[in-house]
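Scroll down for the structure; my scribbles are underneath it.
From a predicted model like this one, the values you see are computed outputs, not experimental measurements.
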Amino acid sequence: MTQTNTTGKNKKAMRVAIVSNGKKQSRRVASKLFAIFKEDKDFYLTKKDPDVVISIGGDGMLLSAFHMYERNLDTVRFVGVHTGHLGFYTDYRDFEIDKLVDNLRSDKGDKASYPILKVKITLDDGKVINLRALNESSIKRIEKTMVADVRVSDVILERFRGDGLSVSTPTGSTAYNKSLGGALLYPTIEAMQLAEISSLNNRVYRTLGSSIVVPKKDKIEIKPTRQGIYTISVDNKTMHYKNLSKVEYRIDSKKISFVATPSHTSFWERVTDAFIGDLDS
């Protein structure tokens, strides 16, 4: 966890944005927070250029909040309140609102920062689309088996045949990547993970057959060898292209930052809570 302190001599009102999903309990939490912040001079409610974004819901809502404010990554910090199932990006439960407000009131600017993914999509006509991913990005072919050359730092790793490929961040390693058999990476490790989706392996065709962890200095390039319609997902957004040339992945120069308070749950606690549950004595 990267700790940074930005305490100033004269504390200004914290600029806070609140985003929530449409669920009943999330709306209740949002209404309570709005009421508290409106009456407290330590806070200033605003959707524009906030210091802190409070996401209310689950990991899906936090992903949406990240993409809403991804142009503000240098100055904004996030905090999550979950109103349903336990999430990896949420530090507070819906009944801990007073605790959240108290922690924000005593905040000194500390943050926990994690790597994100830079996605560069190039089409056959030369058009380039640049995106960012907090969790992962995947590429699949709709009609038939996907055949694509995979390069890591310009070295041909394999000619992949299968349903598709997924590239995840360290924080995203616990999501789709895990279901594909990938490893869990500690969230501050500056690396990305490539995992195969239902690869085709037999006497004729062979792939690596395991996920690989690629350091920040390297890039991953996936270049389809056949024309067709390809689906590219970036977190909770899905796009379709029939003139795809290649997709490149790197660790982005920017990071996502969370408010680091005593309630910022450790990664290993999150792993245990999400996948193991209560341990037998």
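Across Ser257 and Lys111, no two heavy atoms sit closer than the pair OG-CD, 3.6 Å. Of all heavy-atom pairs spanning Phe43 and Arg105, the tightest one is CZ-N, 3.8 Å. When every heavy atom of Ser173 is checked against every heavy atom of Leu184, the shortest pair comes out as O-CD2, 3.4 Å. In this structure, Asn177 and Ala195 approach most closely via the heavy-atom pair OD1-CB, 3.7 Å. Counting all heavy atoms, side chain and backbone alike, Thr171 lies closest to Leu134 at OG1-O, 3.4 Å.
Side-chain rings of Phe258 and Tyr114 approach one another, their centers coming within less than 6.0 Å.
No option in Lys120, Lys216, Arg132 other than Arg132 meets the salt bridge (charged side-chain N to carboxylate O under 4.0 Å, His left out) test with Asp252. Test Asn236, Leu73, Val53, Asn135 against Phe66 for side-chain contact (heavy atoms from CB on, under 4.5 Å) and you get one pass: Leu73. The salt bridge (charged side-chain N to carboxylate O under 4.0 Å, His left out) test with Asp149 singles out one residue from Arg161, Arg226, Arg159, Lys223, and that residue is Arg159.
Between Arg250 and Asp218, none of the side-chain N atoms (NZ, or NE/NH1/NH2) sits under 4.0 Å from a carboxylate O, so this pair counts as no salt bridge. Checked for salt-bridge contact, Lys118 and Glu248 miss the test: no charged N lies under 4.0 Å from a carboxylate O. Electrostatic pairing of Lys254 and Asp74 counts as a salt bridge here, judged by a charged N lying under 4.0 Å from a carboxylate O.
When the shell of 6.0 Å around CZ of Arg71 is examined, it contains 12 or fewer heavy atoms from other residues, nucleotides or ligands. For NZ of Lys47, the number of neighbouring non-hydrogen atoms (other residues, nucleotides, ligands) closer than 6.0 Å is greater than 12.
Panel note: side chain Glu96, backbone Arg93; a donor-acceptor pair is recorded below 3.5 Å.
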**OP:** Kindly indicate, with the supporting measurements, whether the criterion side-chain hydrogen bond (donor to acceptor under 3.5 Å, both in side chains) is fulfilled by Asn243 and Tyr230.
**Re:** CA-CA 8 Å; Asn243 57 341; Tyr230 291 87; over 6 Å; no
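In summary, the side chains of Tyr176 and Ser168 do not present any donor paired with an acceptor at a separation below 3.5 Å, with no hydrogens or angles considered.
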